[in-house]
Structure formats: C-alpha cells, structure tokens
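The structure appears below as structure tokens.
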Amino acid sequence: MDQLFHLPLSPACRKVRLALAEKGREVELVEERDWEERADFLIMNPAGELPVLREEDGAVICGSGPIAEYLDDIDPDKPLLPGDAHARAEVRRLVEWFDRKFSEEVSAPLLYEKVTKRFMGASQGGGSPDMGVVRITLHNVRFHLDYISYLMEDRRWLAGEELSLADLAAAAHLSCLDYIGDVPWAQYPQAKDWYVRLKSRPSFRGLLADHLPGMPPPRVYANLDF
C-alpha cells in the first residue's frame with residue numbers, strides 16, 4: 001500500500017489527506033516528527049518537510065502542492081482543479097492564500113506554540129507557548145474568516161461553484177485550529193456554513209478521528225452540528 005508520511009495536525013498533511021480521500025485512494029499513514037530529522041526520512045525528502053507520499057513501487061512525491069496536482073494528473077475524472085484555465089488560476093490563488101498568507105499569519109505560529117512545542121524536547125526548543133504570539137494569531141484569524149465569508153456571498157465553494165483544492169487547503173488549516181478550539185465560528189455564520197458542508201463530507205472522517213496522545217480535541221470537534 002502507498003504510504004503518506006505526515007503529522008496529524010499539519011495543515012499541509014491534512015490537505016493531502018483530504019485530497020486522497022476525495023479521490024478515494026487509501027494510504028497507510030506514517031507519523032513522522034520532521035523536527036527529529038530522521039536519516040531515512042531525509043533520504044526521501046532532503047528538504048526534511050512533510051508531507052511525503054511514497055507509492056508502493058517506491059516512487060516518492062514531496063510537498064502538498066505537488067502531491068495534490070499529481071493526484072489530479074492520475075485521476076482527472078475527479079478534478080481538484082476544475083474548470084478552464086482562469087478557474088484553475090483562481091483555485092491556485094486561494095490555495096496560495098491559505099498555504100502562505102494564512103499559514104504565516106495564523107496556523108504556523110499558533111500550531112507551533114500550542115502543539116509542536118509540547119512534543120519537542122527542551123534542547124529542540126520545546127516548552128510553554130508564547131502567549132503573545134498566540135494572541136496575535138487569534139486576532140489575525142478573524143481577518144481570514146471575514147474573507148471566507150465575503151467569498152461565500154456569491155459562490156457555492158471558495159473558488160466558484162465546484163469543490164476544489166482551495167476548499168481543501170482552507171479546511172486543512174482551519175481543522176487544525178478547530179482541534180485546539182481556536183476558531184470563533186459563531187461570529188462568522190457564512191464561514192461556518194461552508195465549513196459544516198466540508199466537515200460533513202466522507203473525506204473528512206479521517207481528520208475527525210484524529211486524537212493526539214495527551215491532547216484530546218474539544219468535544220465539538222467531531223460534531224457536525226457545532
């Protein structure tokens with residue numbers, strides 16, 4: 001069976017997990033703590049970054065973007081980048097928005113402070129979260145929820161009328177924040193309605209079953225009505 005080297009609360013890894021599930025492709029999930037810089041992992045991906053997809057024949061694809069587009073190439077009947085060239089450009093724009101801007105302003109620093117540091121040794125930089133960083137990220141997330149709400153005023157999905165990789169990228173980031181209970185959904189009903197539709201899809205079931213040792217999600221995390 002193909003293997004996906006991942007971390008459960010990595011948005012990049014979750015994006016690929018959602019894409020694989022939307023394609024109906026099963027993989028073995030292998031948890032990889034990338035900060036440990038394991039030699040065998042660095043052989044697969046010298047950049048030392050997740051996710052990494054290793055196929056049964058030994059082929060390796062690294063990075064959430066290349067993996068997602070590779071899945072579209074080999075299974076074009078269920079496109080994650082649907083429509084014409086302009087429509088696909090809009091999907092890619094929004095994927096970049098969440099994987100770069102949202103990550104820099106919200107998910108990367110918040111998850112590092114509240115999750116990754118808990119599992120790192122003191123010599124690796126682990127320890128208590130910097131609450132100043134946490135407060136900044138929780139302020140920033142509101143700007144992005146406003147933007148999602150704006151997009152949903154005249155679109156069914158983020159990039160248009162069809163589900164796309166843009167929705168999976170955004171949901172991957174927000175689902176990580178949802179796991180640690182840091183999304184003010186009640187104040188953003190349009191964004192919440194969009195997320196509920198995604199959360200209700202079969203592809204989301206694997207994410208909702210995640211449970212980090214010593215760090216359980218809030219009770220509403222797996223609820224479709226929250």
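Annotation: side-chain contact (heavy atoms from CB on, under 4.5 Å) contacts of Gln187 (sequence neighbours excluded): Arg142, Pro184. In this view, Asp130 and Glu113, Val133 satisfy the side-chain contact (heavy atoms from CB on, under 4.5 Å) rule, not counting sequence neighbours. Legend: residues meeting side-chain hydrogen bond (donor to acceptor under 3.5 Å, both in side chains) with Trp157, ordered by chain and number and at least two apart, are absent. Under the ring pair (Phe, Tyr, Trp, His ring centres under 6.0 Å) criterion, His173 pairs with Phe102, not counting sequence neighbours. Under the side-chain contact (heavy atoms from CB on, under 4.5 Å) criterion, Leu138 pairs with Leu110, Val134, Asp182, sequence neighbours left out. Residues satisfying the side-chain contact (heavy atoms from CB on, under 4.5 Å) criterion with Glu153, sequence neighbours excluded, are Tyr150, Gln190. Considering only residues two or more places apart in sequence or on other chains, Ser10 meets the side-chain hydrogen bond (donor to acceptor under 3.5 Å, both in side chains) condition with none of them.
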(message) Run Leu18 and Asp167 through side chain to side chain contact (heavy atoms under 4.5 Å, CB included) and show every step you take.
(response) CA-CA 10 Å; Leu18 288 171; Asp167 299 286; over 6 Å; no
(message) I'd like to know whether Val91 forms a side chain to side chain contact (heavy atoms under 4.5 Å, CB included) with Leu80, so could you lay out the CA-CA distance, the side-chain angles of the two residues, the decisive distance to 0.1 Å, and finally the verdict.
(response) CA-CA 9 Å; Val91 172; Leu80 297 175; over 6 Å; no
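Looking at heavy atoms from C-beta onward, Val52 lies out of side-chain contact with Val30 at the 4.5 angstrom threshold. Contact check for Leu174 versus Ile148: side-chain heavy atoms found under the 4.5 Å cut-off. Taking 4.5 Å as the limit, every side-chain heavy atom of Thr137 sits out of range of all side-chain heavy atoms of Tyr112. Two residues are said to be in side-chain contact when any heavy atoms from C-beta on lie closer than 4.5 Å; Arg14 and Asp210 meet this criterion. In this structure, the side chains of Val95 and Leu81 stay at 4.5 Å or more apart for every pair of heavy atoms. In this structure, Asp178 and Trp185 have side chains that are in contact, with non-hydrogen atoms separated by less than 4.5 Å. Two residues are said to be in side-chain contact when any heavy atoms from C-beta on lie closer than 4.5 Å; Leu158 and Phe98 meet this criterion. Taking the side chain as every heavy atom from C-beta outward, Met215 and Ile180 approach each other to under 4.5 Å.
Residue pairs meeting the side-chain hydrogen bond (donor to acceptor under 3.5 Å, both in side chains) criterion with at least one member in residues 39-48, sequence neighbours excluded, do not occur. A salt bridge (Lys or Arg N to Asp or Glu O under 4.0 Å) check over residues 59-85, counting only residues at least two apart or in different chains, returns the pairs Lys23-Asp72, Glu69-Arg92. The side-chain hydrogen bond (donor to acceptor under 3.5 Å, both in side chains) contacts involving residues 47-59 comprise Gln3-Arg54, Arg25-Glu55, Glu55-Tyr70, where partners must be two or more places apart or lie in separate chains.
Atom CD of Glu104 and atom CG of Asn140 lie 11.0 Å apart (nearest 0.5 Å). Note that the CZ atom of Phe41 and the CD1 atom of Ile43 stand 11.5 Å from one another [nearest 0.5 Å]. The line from CG of Leu7 to CD of Glu32 is 8.0 Å long, rounded to the nearest 0.5 Å. Summarising the geometry, atom CG belonging to Leu4 is positioned 6.0 Å from atom CD1 belonging to Ile67; distances are rounded to the nearest 0.5 Å. For the atom pair Glu162 CD and Arg155 CZ, the distance stands at 13.0 Å (nearest 0.5 Å). Rounding to the nearest 0.5 Å places CZ of Arg93 at 4.0 Å from CD of Glu90.
Here the closest heavy-atom approach between residue Cys13 and residue Leu50 is recorded as SG-CB, 3.7 Å. The minimum heavy-atom distance linking Gly48 with Asp34 is given by the pair O-CB, 3.6 Å. When all heavy atoms of Arg17 and Gly206 are compared, the pair lying nearest together is NH2-O, 3.3 Å. Shown here for Lys15 and Gly65, the closest heavy-atom pair between the two residues is NZ-N, 4.1 Å. What you find for Ser64 and Asp99 is that their closest heavy atoms are OG-OD2, 4.2 Å. Pro217 approaches Tyr179 most closely through the heavy-atom pair CD-OH, 3.4 Å.
Using a 4.5 Å cut-off between side-chain heavy atoms of Ile, Leu, Val, Met, Phe, Trp and Tyr, Leu42 forms no hydrophobic cluster with any other residue.
Hydrophobic clustering, with ILVMFWY side chains joined whenever heavy atoms are under 4.5 angstrom apart, groups Tyr195 together with Leu177. Tyr147 is connected to Met152 through a chain of hydrophobic side-chain contacts under 4.5 Å among Ile, Leu, Val, Met, Phe, Trp and Tyr, so both are in one cluster. Tracing side-chain contacts under 4.5 Å through hydrophobic residues (I, L, V, M, F, W, Y), one reaches Met44 starting from Trp35; they form part of the same cluster. Taken together through direct or relayed side-chain contacts under 4.5 Å among Ile, Leu, Val, Met, Phe, Trp and Tyr, Leu207 and Leu212 form part of one hydrophobic cluster. When the side chains of ILVMFWY residues are joined at heavy-atom separations under 4.5 Å, either directly or via intervening members, Val106 and Leu168 end up in a single hydrophobic cluster.
Around atom NE2 of His211, more than 12 heavy atoms belonging to other residues, nucleotides or ligands sit under 6.0 Å away.
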What donor-acceptor contacts under 3.5 angstrom involve side-chain atoms of residues 196-204, with partners at least two apart or in another chain?
unit_1	atom_1	unit_2	atom_2	d
Arg197	NH1	Arg156	O	3.3
Arg197	NH2	Arg156	O	2.6
Lys199	NZ	Val220	O	3.4
Lys199	NZ	Tyr221	O	2.7
Lys199	NZ	Asn223	O	2.7
Ser200	OG	Val196	O	2.7
Arg201	NE	Glu22	OE2	2.8
Arg201	NH2	Glu22	OE1	3.0
Ser203	OG	Glu22	OE2	2.6

